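What follows is a single structure, written as structure tokens, with notes after it.
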Amino acid sequence: MSTVDPLPRAEQRRVELLDRLARLFLAEGFLGFGVGDLASRLRCSRSSLYLVADSKPEIVLATLRDWFRGAAQRIEERVLAEPDPAARLRTYLLGVSDELAPASPQFYADLVAHPPAGEVYEENTRYAARRVRALVDAGVEAGALRPVDAVFVGAAVAEVMAGIQAGRVGAATGLSDAAAYRALADVVVAGLARPGQVTDLTRTGEAR
């Protein structure tokens, strides 16, 4: 009689729990939940939750890292599907906006209140800023964007992203992080587009 390796099944269960935890945290935050609360909301056992990590703080960080990793992969898939080097920049920023759209004010408040979780967000913001700089470089090199100093543009965008992540942009404008990224996409694309490109590029990604 053959035996079934329990590891794949356990890993599948862990992946499922990470997805459900991420959706819960984005909608309601994470600091107000204990392990028992999470087990109740997800209708699973505590032992199942410990497949994710060994403690509540580690469960939170594992969930956030997994969600940001998945978001980055989904955004890159959208970018790779866009053949126009100029439009890829907007596609990327709109992808960030769309991924952050489900995040509630409580989720952002908990990120601010819990430095380890905030650092996960900050790490991903830094990565996004580097990715924007690379997309600007590629667009300029291909002649699809106006010749600009990509280092400066990357630094400027990084500052705005940092302001979004820290809550300064939201406090000043009333915009959610998702809406702020969408506005950033509009400004950056309009500033870098060649004459005649702006209308087409600002529509890119809207129906994806």
Side-chain angles (χ1 to χ4, degrees), residues 14-15 17-42 44 46 49-50 52-76 78 89-90 92-135 153-188:
R14 184 175 186 273
V15 169
L17 287 170
L18 282 166
D19 179 65
R20 295 173 65 194
L21 284 165
R23 284 187 275 120
L24 177 62
F25 290 169
L26 287 166
E28 300 182 32
F30 48 84
L31 290 183
F33 294 110
V35 173
D37 300 319
L38 292 174
S40 177
R41 290 295 299 273
L42 271 58
C44 67
R46 287 172 178 259
L49 285 173
Y50 290 132
V52 174
D54 293 335
S55 67
K56 160 66 187 305
E58 291 175 355
I59 288 171
V60 168
L61 294 181
T63 300
L64 293 178
R65 290 189 183 107
D66 181 77
W67 181 77
F68 276 111
R69 187 182 306 114
Q73 291 173 350
R74 291 187 292 272
I75 293 167
E76 289 301 333
R78 290 174 60 168
L89 177 59
R90 179 172 175 81
Y92 183 85
L93 290 170
L94 289 180
V96 174
S97 173
D98 290 345
E99 291 294 334
L100 290 175
S104 66
Q106 187 60 55
F107 174 76
Y108 289 121
D110 286 356
L111 287 176
V112 172
H114 189 60
E119 174 59 25
V120 174
Y121 188 13
E122 187 174 346
E123 286 174 5
N124 283 273
T125 299
R126 290 194 295 266
Y127 169 81
R130 292 194 299 271
R131 192 69 182 95
V132 165
R133 176 178 168 181
L135 289 168
V153 173
V157 170
E159 286 297 315
V160 177
M161 287 181 169
I164 294 171
Q165 182 267 326
R168 295 190 297 273
V169 171
T173 65
L175 295 174
S176 68
D177 285 21
Y181 270 102
R182 186 167 289 269
L184 177 62
D186 290 339
V187 170
V188 172

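Only a predicted model underlies this, so the values are computations on that prediction, with no experimental measurement involved.
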Quiz item: Are any side-chain N or O atoms of Arg41 and backbone N or O atoms of Leu24, one a donor and one an acceptor, separated by less than 3.5 Å?
Solution: no
Quiz item: When you measure from the side chain of Asn124 to the backbone N and O of Val120, does any donor-acceptor pair fall under 3.5 Å?
Solution: yes
Quiz item: Is any NZ, NE, NH1 or NH2 atom of the basic residue among Asp98 and Arg78 found under 4.0 Å from an Asp or Glu carboxylate oxygen of the other?
Solution: yes
Quiz item: How close do Phe25 and Phe107 get, heavy atom to heavy atom, and via which atoms?
Solution: O-CD1, 3.4 Å
Distance-only donor-acceptor hits, side chain of residues 59-73, under 3.5 Å, sequence neighbours excluded:
residue, atom, partner, partner atom, Å
Thr63, OG1, Ile59, O, 2.8

Practice problem: Identify the two heavy atoms, one from Ala158 and one from Ala129, that lie closest to each other, and give their separation to 0.1 Å. | Solution: CB-CB, 3.5 Å
Exercise. For Cys44 and Leu49, work out which heavy atoms get closest and say how close.
Key: SG-CG, 3.9 Å
Quiz item: Any idea which heavy atoms bring Leu175 and Ala183 closest together, and the distance?
Solution: CD1-CB, 4.4 Å
Quiz item: To the nearest 0.5 Å, what is the distance between CD (Glu99) and CG (Leu94)?
Solution: 12.0 Å
Self-check item: Side-chain donor or acceptor of Thr125 paired with backbone N/O of Tyr121 under 3.5 Å
Solution: yes
Self-check item: Taking every non-hydrogen atom, the tightest pair across Arg126 and Glu119
Solution: NH2-OE2, 3.0 Å
Quiz prompt | Shortest non-hydrogen contact between Lys56 and Leu31, atoms and distance | solution = NZ-O, 3.9 Å
